[in-house]
Number of protein chains: 4
Amino acid sequence: MPKVGAEPIRKAALINATIETVGRTGSLDVTVAQIAREAGMSPALAHHYFGSKGDIFLAAMRHILSRYGDGVRAALVAADGSGGRLRGIVDESLAGGNFDLAAMSAWLNFYALAPTDPQAARLLRVYHRRLRSNLIHALRPLVADAAAEADRLAALIDGAYLRAVLDPDMPPDRARALVMDEVRRITG
Amino acid sequence: MPKVGAEPIRKAALINATIETVGRTGSLDVTVAQIAREAGMSPALAHHYFGSKGDIFLAAMRHILSRYGDGVRAALVAADGSGGRLRGIVDESLAGGNFDLAAMSAWLNFYALAPTDPQAARLLRVYHRRLRSNLIHALRPLVADAAAEADRLAALIDGAYLRAVLDPDMPPDRARALVMDEVRRITG
Amino acid sequence: MPKVGAEPIRKAALINATIETVGRTGSLDVTVAQIAREAGMSPALAHHYFGSKGDIFLAAMRHILSRYGDGVRAALVAADGSGGRLRGIVDESLAGGNFDLAAMSAWLNFYALAPTDPQAARLLRVYHRRLRSNLIHALRPLVADAAAEADRLAALIDGAYLRAVLDPDMPPDRARALVMDEVRRITG
Amino acid sequence: MPKVGAEPIRKAALINATIETVGRTGSLDVTVAQIAREAGMSPALAHHYFGSKGDIFLAAMRHILSRYGDGVRAALVAADGSGGRLRGIVDESLAGGNFDLAAMSAWLNFYALAPTDPQAARLLRVYHRRLRSNLIHALRPLVADAAAEADRLAALIDGAYLRAVLDPDMPPDRARALVMDEVRRITG
DNA sequence: AATGAATGAGGATTCATTCAT
DNA sequence: GATGAATGAATCCTCATTCAT
């Protein structure tokens with residue numbers, strides 16, 4: 001009997017190892033060997049499951065993105081009213097989990113990758129669209145030009161995240177509070 | 001007596017070549033050889049004038065940062081009133097020059113570098129502090145809590161820039177307009 | 001399952017290749033590429049098995065030293081009486097094998113390395129101590145101040161070796177005879 | 001009027017700088033730039049006066065050798081009787097000046113160079129011959145086979161020097177004492 | 001499925017040396 | 001005489017990737 005189901009397990013292990021390793025070193029300059037060691041397997045096997053280093057990274061990014069997407073979806077389901085939905089999106093976008101070194105590095109390097117790498121760009125676009133659509137949906141009952149307000153709020157979220165990540169003077173809590181003030185202004 | 005005075009010329013050429021090369025490839029993964037070729041000299045000479053690859057990058061970033069700083073300063077001098085100063089800062093921060101691939105890549109990769117590289121972090125901090133202080137100064141006559149408003153505006157600027165850079169659906173003009181709406185709201 | 005057990009073979013091949021290459025060129029200024037080529041493998045593999053060029057050299061030196069140590073030990077076991085032991089040590093120290101260009105260059109360059117490289121110094125010290133202790137052991141039944149006589153004899157051995165290596169007018173045989181005269185004087 | 005006599009001054013400065021630099025770093029791996037800086041001139045000028053790096057080294061070695069030769073000559077002139085001449089030679093050969101890191105490194109690296117570099121070999125041979133002839137001259141009135149005794153004593157001197165240089169357990173004074181004991185045995 | 005073995009293709013950096021002034 | 005400028009040629013080392021087993 002062949003060992004069944006090894007593939008998804010191995011892939012998941014590699015994805016986690018990638019995030020973990022990138023996080024620990026704070027840089028995308030990690031080697032396949034490092035990732036594989038962290039995942040407890042040989043570099044050759046990593047290449048066997050993913051075709052290349054780039055594919056490993058992409059899978060890891062997709063994982064982070066979908067984890068974020070799940071969080072937002074859950075927050076929206078649990079939310080109470082338009083204001084609640086807005087706050088849920090913001091909360092999730094600036095939640096603690098996005099600020100560990102692993103996620104931070106992943107995001108920043110992902111940004112840096114996007115102008116060059118079409119697959120990264122596509123992934124990022126999906127994220128942008130979904131956030132925008134969620135925001136519009138939540139804002140429509142509250143403001144006249146929901147689309148414009150959504151863009152502004154989305155930019156504010158990203159900017160606040162950036163600051164929280166890069167600026168030691170701006171801890172994540174202040175970043176979230178800063179956006180929440182704006183949300184409060186909108187929800188009245 | 002030897003030919004003299006080449007140093008500043010060569011250094012400037014290398015800085016420009018760095019920005020140009022990073023811009024063209026859209027990635028920090030450029031080799032010293034590429035930069036040197038672009039600057040029309042040998043890799044050895046690049047190492048002669050700057051000590052290392054990292055120093056070349058740092059000098060390039062410093063150049064971009066100081067170019068931006070000069071722009072802001074000029075805009076502030078020319079500005080008329082608090083509202084004018086605000087609009088000047090926003091205009092300069094989201095000016096066309098910041099959106100060529102070279103500047104974009106430099107900024108994004110600089111962000112990605114900052115969590116790891118202390119010198120990059122220091123440089124970025126200088127930028128953040130200066131922007132914040134400029135915004136506070138311009139906002140003080142207009143709002144009660146200038147500091148909080150400055151943080152929010154700074155985040156909005158960075159977020160809008162990020163969107164304009166990363167999202168094809170958000171051209172620089174829309175990004176600027178988006179921030180200007182907020183400025184208008186503040187200035188009343 | 002992969003091909004297995006290459007490591008010791010490769011390491012041995014690299015050590016031999018190092019000695020051979022250093023010997024052929026008569027200088028420590030050999031490149032990893034040269035050594036690897038001599039050993040029939042890529043430079044990358046050499047770095048894979050030993051961490052660095054320095055480690056390759058050290059392993060080669062250790063090999064030479066242990067080869068010499070084995071020779072001395074065998075000579076001591078086979079020796080008959082104190083005088084025999086003395087003659088055995090001298091014979092082994094000035095045996096033909098120490099005079100091929102490879103061993104010579106290794107020794108000389110090792111000497112030159114020792115004041116700078118702590119690991120080389122440590123290795124050399126081991127050799128010195130062992131030789132001294134062997135000599136003292138063999139001399140104790142024969143002379144009053146065995147320690148002093150051992151130091152003198154050790155110096156004489158090293159000096160004779162040096163002459164034999166450096167001076168075309170002093171072939172190894174004469175060098176050995178020169179020391180043996182002294183041994184004969186001691187053993188009476 | 002041209003500046004006269006610059007050449008010998010510059011050359012001497014470079015030779016001293018070479019010895020000094022080799023001594024400070026304890027290795028022959030010094031760059032022409034380091035030597036030139038130590039001598040207070042540009043690397044280009046060093047090449048102007050000596051044709052190549054090798055020539056600089058050779059000149060430095062020649063300097064050390066002739067300095068040693070002068071010392072021996074002076075000691076012989078001042079010496080009283082055959083025994084005094086012998087002691088003078090030994091004293092000079094193991095004098096303090098030969099044990100500073102500069103001279104040590106020079107000697108050791110010179111040894112290492114000799115099997116490869118014909119010029120170094122020639123120089124070394126001169127030294128060997130002169131020492132041997134001096135020793136024979138001093139020994140002839142004292143022993144039957146002066147030539148054999150001279151070779152043994154020369155080897156002992158070199159071996160003692162080597163030990164003193166390489167072995168922290170053998171300070172220069174003990175090395176000299178060790179040889180002097182032998183001298184005393186000969187002079188009776 | 002899994003891995004040790006192996007390498008080709010760079011990449012940063014160093015340095016002796018040359019040259020124009 | 002003197003030097004800053006400039007470079008070609010190496011050198012060590014790294015790493016993604018392939019392959020035989």
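Predicted model only: the values in this text are computed from it and were never measured. In what follows, every chain begins at residue 1, and chains take the letters A, B, ... in the order their sequences are listed.
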Handout entry: Of C/G51 and C/T31, the one whose closest DNA chain F nucleotide lies more 5'
Key =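 Mapping each residue to its closest nucleotide by heavy atoms, the 5'-most match is C/T31.
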
Residue pair [X] / [Y], side-chain heavy-atom distance below 4.5 Å:
{"X": "D/R122", "Y": "D/R125", "value": "no"}
{"X": "D/W107", "Y": "D/L124", "value": "yes"}
{"X": "D/L14", "Y": "D/F50", "value": "yes"}

Quick one: pull up [atom1] in [X] and [atom2] in [Y] and give me the separation to the nearest 0.5 Å.
{"X": "A/M104", "Y": "A/N109", "atom1": "CE", "atom2": "CG", "result": "10.0 Å"}
{"X": "A/I35", "Y": "A/N16", "atom1": "CD1", "atom2": "CG", "result": "11.5 Å"}
{"X": "D/Y49", "Y": "D/M41", "atom1": "OH", "atom2": "CE", "result": "8.0 Å"}
{"X": "A/Q34", "Y": "A/R37", "atom1": "CD", "atom2": "CZ", "result": "6.5 Å"}

Whole-Å gap separating [atom2] ([N]) and [atom1] ([X]):
{"X": "C/E7", "N": "E/dT3", "atom1": "CD", "atom2": "C1'", "answer": "14 Å"}
{"X": "B/I56", "N": "E/dA12", "atom1": "CD1", "atom2": "C1'", "answer": "10 Å"}
{"X": "A/K53", "N": "F/dT18", "atom1": "NZ", "atom2": "P", "answer": "14 Å"}
{"X": "D/R37", "N": "E/dT14", "atom1": "CZ", "atom2": "P", "answer": "13 Å"}
{"X": "A/Q34", "N": "F/dA16", "atom1": "CD", "atom2": "P", "answer": "8 Å"}
{"X": "A/F57", "N": "F/dT17", "atom1": "CZ", "atom2": "P", "answer": "11 Å"}
{"X": "A/F50", "N": "F/dA16", "atom1": "CZ", "atom2": "C1'", "answer": "16 Å"}
{"X": "D/D29", "N": "F/dT11", "atom1": "CG", "atom2": "P", "answer": "13 Å"}

Problem - Interface with DNA chain F, restricted to residues 38-49 of chain C and to heavy atoms under 4.0 Å - result: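 Here the set is C/A44, C/H47.
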
Problem - Contact list for residues 18-35 of chain C, test salt bridge (Lys or Arg N to Asp or Glu O under 4.0 Å), sequence neighbours left out - result: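 For residues 18-35 of chain C: C/E20-C/R24, C/R24-C/E38.
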
Handout entry: Presence of B/R10 side-chain N/O under 4.0 Å of F/dG4 phosphate oxygens OP1/OP2
Key =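 Negative; the distance criterion is not met.
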
Practice task
Might you point out which heavy atoms bring C/A121 and C/A114 nearest each other, and give the distance in Å?
Solution key: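 Minimum heavy-atom contact is CB-O, 3.6 Å.
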
Exercise for the section: Using heavy atoms to find the nearest nucleotide of DNA chain E for C/P8 and B/G54 separately, return the residue whose nucleotide is more 5′. Expected result: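 Per heavy-atom nearest nucleotide, the more 5' residue is C/P8.
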
Handout entry: Stems where DNA chain E pairs, listed by first number, each of three or more Watson-Crick or G-U pairs under 3.5 Å
Key =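 Result, WC/G-U stems under 3.5 Å: E:2-21 with F:2-21.
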
With a cut-off of 3.5 Å and sequence neighbours excluded, list every side-chain donor-acceptor pair involving residues 55-68 of chain C.
unit_1, atom_1, unit_2, atom_2, d
C/S66, OG, C/H63, O, 3.3
C/Y68, OH, C/S93, OG, 2.7

Practice task
Kindly state which residues belonging to residues 11-25 of chain B come within less than 4.0 angstrom of DNA chain E, counting heavy atoms of the residue only, listed by number.
Solution key: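 Nothing qualifies; none.
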
Problem - Any residue meeting side-chain contact (heavy atoms from CB on, under 4.5 Å) with B/L113, in chain and number order, not counting sequence neighbours - result: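 For B/L113 the side-chain contact (heavy atoms from CB on, under 4.5 Å) partners, ignoring immediate neighbours, are B/L28, B/D117, B/A120.
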
